[in-house]
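Note that the structure is a prediction, hence the values are computed from the model and not measured.
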Amino acid sequence: MTRIKHLRRLIVGAVDSSALIRILLIPVLLISLSGCAIDRLLTSSDPVEGAVIDLSDVKTRNGAIRFHRSVMVALTSAFAQVSYFTAVFTDEMTKDLLSTTYDGAVLDARKQSSQILPGVLADNAYNALHIARVNAAQAITLLQRYGIGADSALIGEAYAAQAQTIVYLGEMFCSGIPLTRAPFDGGLEYTRGMSTAELFQTAAALFDTAIAYAGDSVRVASLAKIGKGRALMNLGLYDQALNVVRDVETSYMYSLRFSSATGGVTLWTITTAANPAIFEVGNGEGENGIDWTSTPGDPRVPFSTSSPHRQQKVLGTSVLLPMAKGIEARMIEAEALLQPPNSPAGDWLGPINSARATVGLAALTDPGTADSRIDMVFNERAYWNFLEGHRLADYRRLVRQYERLPMNVYPYGIYTQGGWSVLAYENNYVFSPPRNEEERNHLYTGCIDLNP
């Protein structure tokens, strides 16, 4: 009988055996899916970290469902990393003057130096996304083999999870990211680097498959529709994105639970006990950043009223954070309706104001010019999606699709958050993969480009 040691974390690029990836069974009591009955999940005990797992344990319907549960927790871990790195890299969070870590300043200032090798800054996010992606694909195989018809929605959810990780890779990292495969019955299958557009196209196709498997599960279908809309927006296919999200309810929410196990909560407070990396809500960071603290009381961006302003959205030992929500569908509609020939008709304000009404915010009026309308839509997106892993993608879309200069979008100019030899924001607009990707994958030749 094959026995494989259970691993809590592994670095995808440094692993030569798919068997290790196959059995990434993470403790699964952390998942919370809004609108989903928890009784659909098994109640059997879950593997303890470091335990030895029999490969045959997953070759049953119950084992396949347990594996699916672990995949969703792996997705939560990845989402925690995406939320953190994109927030600090953009204007959502900025390094606290009281922080003693150089790394924090380097990430905040988008700086690569001789002390921080290229790719190091977001290695954890990169690895976590590939772990979730590969295991989602394997969960699909197991559920297709050992599941029953009633498990179709779980397969759809796994497809959506796989697609979502690819969207994040396309939004965070340079063009040229490989999607190495690890089939359940075989070894690693390395792939070449895919362009940013190819990643979003791949994700959109997987979301289509998720929708097909979802059947009458509105929860899974809505997750896939929002994800596909997001991928299509990144491709500039606005009308297609508009059509795919139209029937998603504004009240829809798909949340993942951050905890000490996923790292989502502790990321915001401390790196090590002796070396805290503390960040505060941005205040017009780098000239272009939003002054988030100028609107105290806005329910979308909670922060402490005293300075330094601490975010209060990710607090405590366990917190839910939405990975997809109906409000996002409304923001996709608004942006799509701004595009010719829809613009400058007033329809684009409808989705925005319907969203604002859900939290008692006053309706907005048309600012009157094309650029100011774009500013308004992206500002609303920023507030609704605060700390939810959208901000870097919005930056890149403003540069790539709206032809704005990076220096007018990203934090820019003099860096003022401490004396760490970080004198200015540097021209790093995306993250790069870890060095071990190139070392292990003979088909990968590095980033195609580092453009937004």
Determine whether [X] and [Y] make a side-chain contact, defined as any pair of heavy atoms from C-beta on separated by less than 4.5 Å.
{"X": "Phe79", "Y": "Tyr168", "result": "yes"}
{"X": "Tyr383", "Y": "Thr295", "result": "yes"}
{"X": "Arg381", "Y": "Arg397", "result": "yes"}
{"X": "Leu199", "Y": "Leu179", "result": "yes"}
{"X": "Phe258", "Y": "Val319", "result": "yes"}
{"X": "Ser175", "Y": "Asn451", "result": "no"}

For [Y], is there any backbone N or O sitting under 3.5 Å from a side-chain donor or acceptor partner on [X]?
{"X": "Asn441", "Y": "Glu437", "value": "no"}
{"X": "Arg69", "Y": "Ala64", "value": "no"}
{"X": "Arg400", "Y": "Pro452", "value": "yes"}
{"X": "Thr358", "Y": "Ala355", "value": "yes"}
{"X": "Arg396", "Y": "Gly170", "value": "yes"}
{"X": "Ser70", "Y": "Phe67", "value": "yes"}

[X] side, atom [atom1]; [Y] side, atom [atom2] - distance, nearest 0.5 Å:
{"X": "Met93", "Y": "Leu107", "atom1": "CE", "atom2": "CG", "value": "11.5 Å"}
{"X": "Ile332", "Y": "Lys228", "atom1": "CD1", "atom2": "NZ", "value": "12.0 Å"}
{"X": "Asn385", "Y": "Ser83", "atom1": "CG", "atom2": "OG", "value": "11.0 Å"}
{"X": "Leu232", "Y": "Lys225", "atom1": "CG", "atom2": "NZ", "value": "13.5 Å"}
{"X": "Asn243", "Y": "Glu333", "atom1": "CG", "atom2": "CD", "value": "10.0 Å"}
{"X": "Ile140", "Y": "Leu154", "atom1": "CD1", "atom2": "CG", "value": "11.0 Å"}

Donor on one side chain, acceptor on other, [X] and [Y], under 3.5 Å:
{"X": "Glu157", "Y": "Tyr254", "result": "yes"}
{"X": "Glu171", "Y": "Asn234", "result": "yes"}
{"X": "Ser318", "Y": "Arg257", "result": "yes"}
{"X": "Arg310", "Y": "Ser304", "result": "no"}
{"X": "Gln401", "Y": "Tyr238", "result": "yes"}
{"X": "Asp108", "Y": "Tyr425", "result": "no"}

Heavy-atom pair with the smallest gap, counting every atom of [X] and [Y]:
{"X": "Gly227", "Y": "Gln164", "answer": "CA-OE1, 4.1 Å"}
{"X": "Glu189", "Y": "Pro183", "answer": "OE2-CG, 3.3 Å"}
{"X": "Ile211", "Y": "Ala221", "answer": "CG1-O, 4.3 Å"}
{"X": "Arg230", "Y": "Met323", "answer": "NH1-O, 4.3 Å"}
{"X": "Ala137", "Y": "Gln162", "answer": "CB-NE2, 3.6 Å"}
{"X": "Val220", "Y": "Ala210", "answer": "CG1-O, 4.4 Å"}

If you measure from the Lys or Arg side-chain nitrogens to the Asp or Glu carboxylate oxygens, is any gap between [X] and [Y] under 4.0 Å?
{"X": "Lys325", "Y": "Glu328", "value": "no"}
{"X": "Glu198", "Y": "Arg192", "value": "yes"}
{"X": "Arg66", "Y": "Asp57", "value": "no"}

Could you go through Asn124 and Tyr84, starting from their C-alpha distance and side-chain angles, then the distance that decides it, and tell me whether this counts as side chain to side chain donor-acceptor pair (under 3.5 Å)? CA-CA 11 Å; Asn124 288 342; Tyr84 171 78; over 6 Å; no
Taking the six-membered ring for Trp, are [X] and [Y] closer than 6.0 Å centroid to centroid?
{"X": "Trp292", "Y": "Phe386", "answer": "yes"}
{"X": "Tyr159", "Y": "Tyr213", "answer": "yes"}
{"X": "Phe89", "Y": "Phe431", "answer": "yes"}

Over 12 non-hydrogen atoms of neighbours within 6.0 angstrom of CD in Glu249: no
side-chain contact (heavy atoms from CB on, under 4.5 Å) test vs Arg110 passes for just one of Thr90, Val430, Val88, Asn428, namely Asn428
What verdict does the side chain to side chain contact (heavy atoms under 4.5 Å, CB included) test give for Lys59 and Phe184, after you've listed the backbone C-alpha separation in whole Å, the side-chain angles of each residue and the deciding distance to 0.1 Å? CA-CA 11 Å; Lys59 294 183 177 180; Phe184 189 79; 3.8 Å; yes
The criterion is salt bridge (Lys or Arg N to Asp or Glu O under 4.0 Å); which residues satisfy it with Glu285, sequence neighbours excluded? none
Given Tyr410 and Val399, is the side chain to side chain contact (heavy atoms under 4.5 Å, CB included) satisfied, shown in steps? CA-CA 10 Å; Tyr410 287 74; Val399 175; 4.3 Å; yes
Show your reasoning for whether salt bridge (charged side-chain N to carboxylate O under 4.0 Å, His left out) applies to Arg330 and Glu335. CA-CA 9 Å; Arg330 303 293 82 81; Glu335 186 177 346; over 6 Å; no
Pairing residues for Thr293 by the side chain to side chain donor-acceptor pair (under 3.5 Å) criterion, not counting sequence neighbours: Asp291
Could you walk me through whether Leu392 and Tyr429 pass side chain to side chain contact (heavy atoms under 4.5 Å, CB included), step by step? CA-CA 9 Å; Leu392 180 55; Tyr429 304 123; over 6 Å; no
From CA spacing to verdict: side chain to side chain contact (heavy atoms under 4.5 Å, CB included), Ile290, Asn379: CA-CA 8 Å; Ile290 291 175; Asn379 190 75; 3.5 Å; yes
